Protein chains: 2
Amino acid sequence: MTGMENRIKELRKAKKMSQEELANHCRVSRQTINAIENNKYDPSLALAFELAKILGVTVDELFKYKKGENS
Amino acid sequence: MTGMENRIKELRKAKKMSQEELANHCRVSRQTINAIENNKYDPSLALAFELAKILGVTVDELFKYKKGENS
DNA sequence: TAAAGATGTAAAATATCTTTTACATTTCGG
DNA sequence: CCGAAATGTAAAAGATATTTTACATCTTTA
């Protein structure tokens with residue numbers, strides 16, 4: 001749907017964080033986190049790096065790019 | 001300026017590619033490559049992954065996130 | 001089971017990224 | 001040096017990401 005898969009929800013839960021806590025950590029809205037977790041759209045590159053840092057993984061580990069484009 | 005440093009120009013030249021060739025490879029305009037190389041703005045996450053793949057590195061190797069925000 | 005907390009969703013406004021067109025300047029091979 | 005290729009830049013339009021407000025639906029847990 002966005003050409004990207006991510007492990008944010010999984011890693012966030014492993015850290016027992018709510019969407020709101022994660023949002024506050026990276027200074028975006030809770031809706032932004034929710035939208036990204038549910039693949040409504042991809043984060044900006046800067047936000048991807050913030051998320052990866054907070055969740056303790058690399059950007060490449062956090063996101064998997066699905067080539068071939070979407071529908 | 002964008003909160004991000006990148007090694008695109010360096011790696012592109014190492015592969016003896018022009019901005020236009022790289023642009024064609026990832027199906028964006030030459031101006032987009034030029035703007036990103038010169039830090040006018042950051043690429044989308046999807047484009048960051050495309051660029052990394054074409055240049056043979058990971059996203060984390062291609063971009064360095066400079067925390068602390070901008071000006 | 002009632003209240004609180006967490007999550008999903010939506011519309012409108014704003015910000016950011018990308019394209020297109022167009023032209024100017026720099027770099028490089030003949 | 002001359003021409004061609006590569007690069008820098010800019011403005012307007014279009015696409016995508018993010019915020020704000022607001023409300024509905026789970027899911028805890030007391």
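Below, chain A is the first sequence line, B the second, and so on; all start at residue 1. A quick note: this is a predicted structure, and the numbers were derived from the prediction, not measured.
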Exercise. So what does A:Lys9 hit on the nucleic acid, given a heavy-atom distance under 4.0 Å: a base, only sugar-phosphate, or nothing?
Worked result: sugar-phosphate
For this session: Give the intermediate values and the outcome of side-chain contact (heavy atoms from CB on, under 4.5 Å) for residues A:Leu45 and B:Ser44.
Result: CA-CA 6 Å; A:Leu45 185 56; B:Ser44 67; over 6 Å; no
Problem set entry | Nearest-Å distance for atom pair CD/C1', residues A:Gln19 and D:dT27 | 13 Å
For this session: Ignoring backbone atoms, test whether B:Arg12 places a side-chain nitrogen or oxygen under 4.0 Å from the OP1 or OP2 oxygen of D:dA6.
Result: no
Seminar exercise, completed: Between the CD atom in B:Gln31 and the NZ atom in B:Lys40, the distance rounded to the nearest 0.5 Å is 11.0 Å
Problem set entry | Side-chain-base donor-acceptor pair under 3.5 Å for A:Gln31 and C:dT7 | no
Exercise. Less than 4.5 Å apart, any side-chain heavy atom of B:Leu51 and any of B:Ile33?
Worked result: yes
Exercise. B:Lys15 NZ to D:dA6 P: how many Å, rounded?
Worked result: 18 Å
Problem set entry | Sub-4.0 Å heavy-atom contacts from residues 37-47 of chain B onto DNA chain C, ordered by number | B:Tyr41, B:Asp42, B:Pro43, B:Ser44, B:Leu47
Exercise. Does the side chain of B:Met4 come within less than 4.5 Å of B:Lys66's, by heavy atoms?
Worked result: no
Exercise. Looking at side-chain heavy atoms only, is the closest gap between B:Phe49 and A:Val59 below 4.5 Å?
Worked result: yes
Exercise. Could A:Lys53 and A:Glu50 be called an ion pair, given the rule that one side-chain N must be under 4.0 Å from one carboxylate O?
Worked result: no
Exercise. Do the non-hydrogen side-chain atoms of A:Asn6 and A:Asn39 ever get within less than 4.5 Å of each other?
Worked result: yes
For this session: Starting at atom CD of B:Glu20, determine the distance to atom C1' of D:dG8, rounded to an integer number of angstrom.
Result: 14 Å
Exercise. Roughly how far apart are B:Thr58 OG1 and B:Leu62 CG, rounded to 0.5 Å?
Worked result: 8.0 Å
Exercise. Between B:Asn24 (CG) and C:dT19 (P), how many Å, whole number?
Worked result: 11 Å
Exercise. Which angle, to the nearest 10 degrees, lies between the helix axes at the two ends of the helix from C:dT1-D:dA30 to C:dG30-D:dC1, each defined by five pairs?
Worked result: 50°
Problem set entry | Residues A:Arg12, A:Glu21; criterion salt bridge (charged side-chain N to carboxylate O under 4.0 Å, His left out); working and verdict | CA-CA 10 Å; A:Arg12 172 178 62 78; A:Glu21 287 172 323; over 6 Å; no
Exercise. In whole Å, what is the span from the CD1 atom of B:Ile33 to the P atom of D:dT9?
Worked result: 16 Å
Problem set entry | Atom of B:Tyr65, atom of B:Gly3 and distance for their closest heavy-atom approach | CD1-O, 3.3 Å
Exercise. Separation of A:Ile36 atom CD1 from C:dT7 atom C1', in whole Å?
Worked result: 15 Å
Exercise. Under 4.0 angstrom, heavy atoms only, what part of the nucleic acid is A:Ser18 near: base, sugar-phosphate, or nothing?
Worked result: sugar-phosphate
Problem set entry | Atom-pair distance (CG on A:Asn34; P on D:dC26), nearest Å | 14 Å
For this session: Taking the side chain as every heavy atom from C-beta outward, state whether B:Leu47 and B:Thr32 have any pair of such atoms under 4.5 Å apart.
Result: yes
Problem set entry | Whole-Å gap separating P (D:dT18) and CG (A:Leu51) | 9 Å
What's touching nucleotides 24-30 of chain C from the protein side, N or O pairs under 3.5 Å?
none

Exercise. Is the shortest side-chain N/O distance from B:Ser29 to OP1 or OP2 of C:dT19 below 4.0 Å?
Worked result: yes
Exercise. Side chains of B:Leu22 and B:Lys15: closer than 4.5 Å at any heavy-atom pair?
Worked result: no
